[in-house]
Amino acid sequence: YGKGGKMPFALAGTIASIDPAARTVTVTVVCGNKLVKPYLGQDLILQTTAATRFLLRNPDGKATTMTFEDLAIGQKVSSNGRLTDQVWTASRITVGADLNCLP
């Protein structure tokens with residue numbers, strides 16, 4: 001699972017809340033990989049960093065870059081990142097996810 005107990009996660013869900021001061025995004029999880037499975041239907045707080053990429057998936061399938069400030073409650077998102085010491089740090093958050101989780 002990588003060095004230092006860092007485990008990769010992949011999830012999809014809906015933004016429930018946003019904390020601009022802490023730069024966190026709370027997502028109600030709809031689906032995800034094995035690491036996320038115990039949290040289905042629950043809210044997970046995703047920590048973003050200066051390195052987190054924010055993308056908007058357009059209807060044509062192409063993705064355009066966006067910012068943390070572009071995020072909004074109710075948006076459907078997918079995210080990838082790492083879980084380290086109970087902190088879910090997002091490396092990428094994509095808005096416009098279809099919430100169909102791949103196996």
Side-chain angles (χ1 to χ4, degrees):
Y1 265 122
K3 298 180 181 134
K6 291 183 181 175
M7 294 177 281
F9 71 82
L11 62 83
T14 305
I15 296 178
S17 64
I18 298 169
D19 183 339
R23 290 188 70 82
T24 60
V25 180
T26 302
V27 175
T28 304
V29 179
V30 173
C31 55
N33 67 355
K34 193 162 85 174
L35 193 61
V36 176
K37 287 273 192 269
Y39 301 95
L40 294 182
Q42 299 180 43
D43 289 350
L44 276 183
I45 297 171
L46 303 182
Q47 180 67 54
T48 67
T49 68
T52 303
R53 295 175 59 223
F54 301 96
L55 300 170
L56 174 64
R57 173 170 281 143
N58 297 298
D60 64 6
K62 293 192 172 89
T64 52
T65 305
M66 55 189 292
T67 66
F68 180 88
E69 289 71 25
D70 293 326
L71 298 175
I73 292 169
Q75 287 174 328
K76 291 175 173 44
V77 296
S78 64
S79 181
N80 292 81
R82 295 202 170 274
L83 172 62
T84 310
D85 300 327
Q86 303 302 309
V87 177
W88 301 79
T89 302
S91 56
R92 177 192 56 76
I93 295 177
T94 303
V95 173
D98 54 14
L99 302 192
N100 290 343
C101 281
L102 302 171

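Values below: every heavy atom of this structure, side chains too, minus hydrogens, waters and symmetry copies.
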Inset, instruction - Report whether Leu35 and Val87 are members of the same hydrophobic cluster (ILVMFWY, side-chain heavy atoms less than 4.5 Å apart, transitive linking). - result: no

Inset, instruction - Look only at the side chain of Glu69 and the backbone of Pro20, and say whether a donor-acceptor pair between them is shorter than 3.5 Å. - result: no

Inset, instruction - Applying side-chain contact (heavy atoms from CB on, under 4.5 Å), name anything that partners Thr28, two or more places apart in sequence or on another chain. - result: Ala16, Asp43

Inset, instruction - Return the set of residues passing side chain to side chain donor-acceptor pair (under 3.5 Å) with Asp70 (not counting sequence neighbours), or none when no residue passes. - result: Thr67

Legend entry - Donor-acceptor contact present, side-chain Asn33 to main-chain Pro8, <3.5 Å: yes

Inset, instruction - Could you tell me whether the side chain of Val29 reaches within less than 4.5 Å of the side chain of Val36, counting heavy atoms only? - result: yes

Legend entry - Side chain Lys37, main chain Gly32, donor-acceptor under 3.5 Å: yes

Inset, instruction - Nearest 0.5 Å please: distance from the CG atom of Asp19 over to the OG1 atom of Thr48. - result: 9.5 Å

Inset, instruction - Tell me, with the steps shown, if Val27 and Val77 meet side chain to side chain contact (heavy atoms under 4.5 Å, CB included). - result: CA-CA 8 Å; Val27 175; Val77 296; 4.0 Å; yes

Legend entry - Gap between atom CD1 of Ile18 and atom OG1 of Thr26 - 0.5 Å precision: 9.0 Å

Inset, instruction - Could you walk me through whether Ser79 and Trp88 pass side chain to side chain contact (heavy atoms under 4.5 Å, CB included), step by step? - result: CA-CA 10 Å; Ser79 181; Trp88 301 79; over 6 Å; no

Legend entry - Met66 side, atom CE; Ile93 side, atom CD1 - distance, nearest 0.5 Å: 9.0 Å

Inset, instruction - Check the pair Lys6 / Thr89 against side chain to side chain contact (heavy atoms under 4.5 Å, CB included), numbers first and verdict last. - result: CA-CA 10 Å; Lys6 291 183 181 175; Thr89 302; over 6 Å; no

Let me have the donor-acceptor pairs involving side chains of residues 54-61, under 3.5 Å, with sequence neighbours excluded, atom names and distances please.
unit_1 : atom_1 : unit_2 : atom_2 : d
Asn58  : ND2    : Lys62  : O      : 3.1
Asp60  : OD1    : Lys62  : N      : 2.8

Legend entry - Flag if over 12 foreign heavy atoms under 6.0 Å of CD1, Ile45: no

Inset, instruction - Identify the heavy atoms of Ala90 and Leu46 that sit nearest to each other, and give their distance. - result: CB-CB, 4.4 Å

Inset, instruction - Examine Arg23 relative to Phe68 and say whether NZ or CZ is less than 6.0 Å from the centre of the six-membered ring and inside a 45° cone about the ring axis. - result: yes

Inset, instruction - Kindly determine whether Thr14 and Gln75 satisfy side chain to side chain contact (heavy atoms under 4.5 Å, CB included), including the steps that lead there. - result: CA-CA 6 Å; Thr14 305; Gln75 287 174 328; over 6 Å; no

